[in-house]
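Have a look at the structure below, then the notes.
This structure is a prediction, so every number in the text was calculated from the model and none was measured.
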Amino acid sequence: MVPFRFLRRVLAALVGLALLQTASSANADPADIDAASRGVVRVIIIGDDNGGAYPVSHGTGFAVTPERIVTNAHVVEEARADRDLSIAIVPSDGGKVVYGKITAFSPRNDLALLATTVPLKLPPLTISGTPDTESGPVTSVGYPMNVDRAQGLGVNDIFRAQPPVKSRGFLSGARPTRDFDTLLHTAPIGKGSSGGPLLDNCGRVVGVNSFGAESDGTDSEFYFAVSTRELLPFLRDSGITAQVNGLPCRSLAELDAAERARAEREKLVAIQQQQERAARVAARSEEVQREQEFAIIEERENAMMLTFLLLVCGVAGGFIAWREREEGKIGPMKIAAGAAAVALAVALFTWLSRPSFGDVEDRVAAILDKEAKAETGKQGAVAIPAGGAARLVCVVNVDRSRITSIATDDIPFTWTEQGCVNGRTQYGLRDGKWSRILVPNDEAAVSVNSFDPATREYRVERYLLAHDAMEAVRKARSEFDAPQCGASQTDIAALGNNQSAITALLPAQPNERVIYDCHPAQ
């Protein structure tokens, strides 16, 4: 009989493992996985039966550029060997079925590259630059045949756009085969899933699913994916520049929590700085008060001394004028009398214009105001030359950003107080915030760009949308024209209001959030 204590320990361990797996799996962002899945395609090998196409086999692939698709070599091997067979590419998120051709084939590491015969504009998947190869949650995406059979899908059904199957599991470590580097994992794949991506929690490719370990139903299920150590050199050798991102995978929830904590810290620091500044201002006010009091005393003494000297000169001039008059010298008398009058007038003016002690407060206020403006100018908003623009350089703040595909290069950023960026893009103003929403026609992504001149923070929030959602956004964007730089305040406000119609169609959270800190360009 097994001791109860032993059973309790085993049960506790199993529950703990289950909770650990649940917590780890929960970190996966469904929006990122869904966005990556829209770049996954079904790869069908088709034959020709008297003009009618029929499927021979199928697998999975994923886009690395809008017209280039990675899959397994064994998925397309038949089509390569038999010229009577063709390759069909079926997008998962709408769009027509197109033919594909093999442009690179590497049976050593089971990789192949396909090119679409007509442009598809598939959303490329991002490849993880520094994947965790030992542990962590992963998601397999593909088209397993057993799911098709279970749903009773017919021959024609697999030529229709359908969402791929997503299954979660965990990495079980790097496990090189005899010929190439692979990752061992537990995210289920089946026949037909070959060539599909193995994704991390941010929807980045960490491997290309290839095959599974044999199991008689009682052994644990394990699967193998070709690692990015094989994929990236294969793509480089094929002339493909893929999107690679090696930054840590963090959720928006983690970033939001960090932002709230940062805001609280900044609030406390601001209160402390305000108190310190108030103390400095009070001390500086006393110092300036003393300085101005002494300055006024000195100025008054100087004025009194000057007045006295001028009075002496005036009296002396008057005496000389009297003597010259007594001697009958009219010309010199006039000169002496005039000089005496001027000296007395200046003495009177000097006496009356001497500063009073009531001027101390006004002088102190003026000096402190000037110093406060100088300090604000150093720390405050973007300084824009009259009639010109502020030239800035915006640098990514990695700690505050969630980046899965966007390039992190520094951005030259020229800003005018009318909201013109780089001399060509007019931003809209709504509720005191400057923003511009970009809706490209050749990419299934919407970017909401905003800039705060007061903090010099430039923010890009990127939404990766499904086909139907993207079409709805494009329709909303087509219903208004964005003004050019130099627009009137009315047009700038109208742009801000019109863009709100697009904002209402976007999900609650973006897929990527990139925050740039901008500073004056050298």
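A distance-only check finds no donor-acceptor pair linking the side chain of T126 to the backbone of Q243 [under 3.5 Å]. Proximity of a side-chain donor or acceptor of D93 to a complementary backbone N or O of A466 within less than 3.5 Å is not detected. With S167 contributing its side chain and P188 its backbone, the two residues share a donor-acceptor pair below 3.5 Å. Side-chain N or O atoms of T228 include none that pairs as donor or acceptor with a backbone N or O of L231 at under 3.5 Å. At least one donor-acceptor pair closer than 3.5 Å links the side chain of R354 to the backbone N or O of W351. Listed for the E512 side chain is a donor-acceptor partner under 3.5 Å among the backbone atoms of S405. Side-chain atoms of T71 come within 3.5 Å of backbone N or O of T60 as a donor-acceptor pair.
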Distance-only criterion, 3.5 Å: show the donor-acceptor pairs between side-chain atoms of residues 431-444 and protein atoms not counting sequence neighbours.
| unit_1 | atom_1 | unit_2 | atom_2 | d |
| --- | --- | --- | --- | --- |
| S435 | OG | Q499 | NE2 | 3.4 |
| R436 | NH1 | Q426 | O | 2.8 |
| E443 | OE2 | R462 | NH2 | 2.1 |

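Taking 4.5 Å as the limit, some side-chain heavy atom of S140 sits within range of a side-chain heavy atom of H185. For the pair L344/L348, no side-chain contact is recorded, criterion being any heavy-atom separation below 4.5 Å from C-beta on. Using a 4.5 Å heavy-atom threshold, the side chains of P355 and R363 count as touching. Side-chain contact between H519 and L392: absent, with no pair of heavy atoms (C-beta onward) separated by less than 4.5 Å. Within the 4.5 Å cutoff, the side chain of K166 has heavy atoms near those of the D34 side chain. Y516 places none of its side-chain heavy atoms less than 4.5 Å from the side chain of N397.
A salt bridge is defined here as a Lys NZ or Arg NE, NH1 or NH2 lying under 4.0 Å from an Asp or Glu carboxylate O, and R290 with E293 fails to meet this definition. Taking the charged nitrogens against the carboxylate oxygens, E266 and R262 do have a contact shorter than 4.0 Å, which makes a salt bridge. With respect to the salt-bridge test (charged N to carboxylate O, under 4.0 angstrom), the residues E259 and R265 do not qualify. A salt bridge does not link R459 to D452: none of the charged side-chain nitrogens sits closer than 4.0 Å to a carboxylate oxygen. The existence of a salt bridge linking R402 and D32 is confirmed by a sub-4.0 Å separation between a basic side-chain nitrogen and an acidic carboxylate oxygen.
Applying the ring-ring contact (aromatic ring centres under 6.0 Å, His included) test to every pair with at least one member in residues 459-485, sequence neighbours left out, gives no pairs at all. Within the structure, disulfide bond (SG atoms under 2.5 Å apart) contacts touching residues 489-522 (residues at least two apart or in different chains) are C394-C518. For residues 432-505, the set of pairs meeting the disulfide bond (SG atoms under 2.5 Å apart) definition, not counting sequence neighbours, comprises C420-C485. Listed by first and then second residue, the salt bridge (Lys or Arg N to Asp or Glu O under 4.0 Å) pairs that reach into residues 226-250 are R108-E230, sequence neighbours excluded.
I515 CD1 to L255 CG: the interatomic distance, rounded to the nearest 0.5 Å, is 7.5 Å.
Partners of I271 under the side chain to side chain contact (heavy atoms under 4.5 Å, CB included) rule, at least two apart in sequence or in another chain, are K267, Q275. When the ring-ring contact (aromatic ring centres under 6.0 Å, His included) test is applied to F413, the partners found at least two apart in sequence or on another chain are F451, Y458. Residues passing the salt bridge (charged side-chain N to carboxylate O under 4.0 Å, His left out) test with E479 are K475, sequence neighbours excluded. Listed by chain and residue number, R513 satisfy the salt bridge (charged side-chain N to carboxylate O under 4.0 Å, His left out) test with D256 (two or more places apart in sequence, or in another chain). Taking the salt bridge (charged side-chain N to carboxylate O under 4.0 Å, His left out) definition, one finds that E301 meets it with nothing, sequence neighbours left out. Not counting sequence neighbours, R430 has no partner by the salt bridge (charged side-chain N to carboxylate O under 4.0 Å, His left out) test. For S285, the side chain to side chain contact (heavy atoms under 4.5 Å, CB included) partners two or more places apart in sequence, or in a different chain, are V364, L368.
V70 pairs in a side chain to side chain contact (heavy atoms under 4.5 Å, CB included) with only one of the listed residues (V226, V64, T65, I240), which is V64. With V446 as reference, L506 is the one residue of L464, L506, L505, T503 to meet the side chain to side chain contact (heavy atoms under 4.5 Å, CB included) rule.
Using modelled atom types and a 3.5 Å distance limit, the side chains of N497 and S500 yield no donor-acceptor pair.
Shown here for G39 and L125, the closest heavy-atom pair between the two residues is CA-CD1, 3.6 Å. Nearest heavy-atom pair, P164 versus S92, reported as atom, atom and distance to 0.1 Å: CD-CB, 3.8 Å. Nearest heavy-atom pair, T350 versus A303, reported as atom, atom and distance to 0.1 Å: CG2-O, 3.5 Å.
Within 6.0 Å of CD on Q274 lie no more than 12 heavy atoms contributed by other residues, nucleotides or ligands. The environment of CG in D481 is sparse: at most 12 heavy-atom neighbours from other residues, nucleotides or ligands sit within 6.0 Å. Crowding of Q484 atom CD: a count of heavy atoms from other residues, nucleotides or ligands under 6.0 Å not exceeding 12.
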List the steps and the verdict of side chain to side chain donor-acceptor pair (under 3.5 Å) for E361 and Q289.
CA-CA 8 Å; E361 296 299 330; Q289 178 102 11; 3.2 Å; yes

